[in-house]
Engineer: 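Would you mind keeping the following structure in view while I ask a few things?
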There are 2 protein chains.
Amino acid sequence: MTDAALHIHPTGHDHAACVDEALETAETLCVERGARLTPLRRRVLELVWSSHRPVGAYDILGRLDGSARKPAPPTVYRALDFLIEHGLVHRIESMNAYLGCNHPEQSHTGQFLICRECGNVTEMDDDDVRQTLRRKAAERGFDARSQTVELVGLCATCRAG
Amino acid sequence: MTDAALHIHPTGHDHAACVDEALETAETLCVERGARLTPLRRRVLELVWSSHRPVGAYDILGRLDGSARKPAPPTVYRALDFLIEHGLVHRIESMNAYLGCNHPEQSHTGQFLICRECGNVTEMDDDDVRQTLRRKAAERGFDARSQTVELVGLCATCRAG
DNA sequence: GTATGGCCTGATACACTGTATCATACTACA
DNA sequence: TGTAGTATGATACAGTGTATCAGGCCATAC
């Protein structure tokens, strides 16, 4: 099995293209903002994007090993902090894991669909949901500033299979 | 300051009544289901209800100390598992902490309003939200089985203050 | 009344996740 | 070139959660 084959996503898309696009978008966005997408941060982003499943910080740490010396946890967490701050990565709270974001341009909080069968996570980013939650909270006098929405269930592919 | 005073909630309610009600509801519900609300589980539930702020598992562990010998982590986690399974306690994913549920009768997944100022958490349990999320996910071919909804912001009290 | 099986708790050890702190290296800019 | 600010290295530790085995308690059956 080639390395490329390993990157084929269950739904059959060419995942290498996903990764390339994500990295290019990140480069562009960081240049625009004057943020520094260092080799380390770029590598971490690449590893987060290695699949559409959330990746644990220590998984990333392990896979960074190949480079020179093995980095320590803070190295990975700092890189993740940077990527999250710039909207390039989301943290999936219910899994203590991290997922690449495919539209980091506009700041947002996504809603995540977590398949309990294949582990893939897709992002909804639905504005109706966002507004509904804001409104419902406001009705109770609560001013919502950030939202965590994570649904666990079965994705279309796994339901069909 | 009396022990009772310690239990006064910011909004001014008599929190001891909250706790009593929660414990009584739990007793009733466990009897109905043939589940065993053992002294340990009851004590853990009581500690979870010590405030309207989520409580960490190790906080509970520490406060169990008073009894005989100091219990070990699995003891607390098992009790929490039992309480969660019976809908008596919610886990707040974004905080790795646990919160008492005030309507454990009907099985549900609540939506949580977390005040970043005072730390109090209130539950919405809004069926519109639940249905909206289910529907939006279904539109994407996703069959949502469980929902995690946690909003961070400012509660009415803290906005006023 | 004892035996058996199931559930609950004790206890040890460990795995996983995340952070505080100080030191070093790099980069950009004056 | 020097300097300030940023990024990374390195050590140590804190916080969260689980695997596993042993012992205890209780109900039911015999």
Side-chain angles (χ1 to χ4, degrees), chain A residues 26-27 30-48 53-86 88-99 114 119 148 150, chain B residues 26-27 30-31 33-48 53-86 88-99 119 148 150:
Chain A
E27 301 268 15
C30 284
V31 168
E32 283 175 11
R33 296 182 184 170
R36 295 168 55 188
L37 188 64
T38 64
L40 173 67
R41 290 166 174 171
R42 194 178 192 285
R43 178 84 180 114
V44 169
L45 180 58
E46 193 181 353
L47 289 171
V48 168
R53 282 183 287 278
V55 181
Y58 279 72
D59 284 349
I60 294 169
L61 191 57
R63 293 199 240 170
L64 279 176
D65 208 356
S67 346
R69 356 163 221 276
K70 184 181 172 67
T75 299
V76 169
Y77 282 102
R78 283 186 293 226
L80 287 170
D81 286 345
F82 171 87
L83 296 170
I84 290 171
E85 192 180 346
H86 288 281
L88 297 163
V89 163
H90 288 291
R91 177 182 158 84
I92 307 298
E93 299 291 345
S94 60
M95 302 180 68
N96 296 331
Y98 304 85
L99 182 73
I114 304 167
T148 297
E150 299 172 9
Chain B
E27 301 268 16
C30 284
V31 168
R33 296 183 185 171
R36 295 169 54 188
L37 188 63
T38 63
L40 173 66
R41 290 166 173 172
R42 194 177 191 285
R43 178 84 180 112
V44 169
L45 181 59
E46 193 181 352
L47 289 171
V48 167
R53 283 183 286 277
V55 182
Y58 279 72
D59 284 351
I60 294 170
L61 190 57
R63 294 199 240 169
L64 279 177
D65 207 357
S67 346
R69 0 161 216 275
K70 184 180 172 67
T75 300
V76 169
Y77 282 102
R78 284 186 293 227
L80 287 170
D81 286 345
F82 171 87
L83 296 170
I84 290 170
E85 191 179 346
H86 288 280
L88 297 163
V89 163
H90 288 291
R91 177 181 158 84
I92 306 299
E93 299 291 345
S94 60
M95 300 180 69
N96 296 330
Y98 305 84
L99 183 72
T148 298
E150 299 172 7

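Every value quoted in this text rests on a predicted model; they were computed, and no experiment measured them. Throughout, a chain's letter reflects where its sequence line sits, starting with A, and its residues are numbered from 1.
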Engineer: In whole angstrom, what separates A:Leu61's CG from D:dA10's P?
Structural biologist: 12 Å
Engineer: Rounded to the nearest Å, what distance is computed from the CG atom of residue A:Asn96 to the C1' atom of nucleotide D:dG17?
Structural biologist: 10 Å
Engineer: What's the CG-P distance between B:Asp81 and D:dT18, to the nearest Å?
Structural biologist: 7 Å
Engineer: Is the phosphate of D:dT18, meaning OP1 or OP2, less than 4.0 Å from a side-chain N or O of B:Tyr77?
Structural biologist: no
Engineer: Under the side chain to side chain contact (heavy atoms under 4.5 Å, CB included) criterion, do A:Ile60 and A:Leu80 qualify, and how do the steps go?
Structural biologist: CA-CA 10 Å; A:Ile60 294 169; A:Leu80 287 170; 4.1 Å; yes
Engineer: For A:Phe82, which residues count as a ring pair (Phe, Tyr, Trp, His ring centres under 6.0 Å) partner, sequence neighbours excluded?
Structural biologist: A:His86
Engineer: Of all residues at least two apart in sequence or in a different chain, which pass the side chain to side chain contact (heavy atoms under 4.5 Å, CB included) check with B:Ser94?
Structural biologist: A:Glu93, B:Ile92, B:Ile114, B:Glu150
Engineer: Go along nucleotides 2-9 of chain D 5' to 3' and tag each nucleotide: B for a protein heavy atom under 4.0 Å from its base, S when only backbone or sugar atoms are that close, - otherwise.
Structural biologist: ----SSBB
Engineer: So which atom in B:Tyr98 and which in B:Val48 form the shortest heavy-atom distance, rounded to 0.1 Å?
Structural biologist: O-CG1, 4.0 Å
Engineer: Would you grab the first and last nucleotide of DNA chain C (5' to 3') that comes under 4.0 Å of any non-hydrogen atom in chain A?
Structural biologist: C:dT17 to C:dT27
Engineer: Closest heavy-atom contact between B:Arg91 and B:Asn96?
Structural biologist: NH2-OD1, 2.9 Å
Engineer: Going by heavy atoms in the side chains, are B:Leu37 and B:Leu83 under 4.5 Å from each other?
Structural biologist: yes
Engineer: With A:Ala97, which residues qualify under side chain to side chain contact (heavy atoms under 4.5 Å, CB included), at least two apart?
Structural biologist: A:Pro54, A:Met95
Engineer: If the condition is side chain to side chain contact (heavy atoms under 4.5 Å, CB included), which residues does A:Asp59 pass it with, not counting sequence neighbours?
Structural biologist: A:Val55
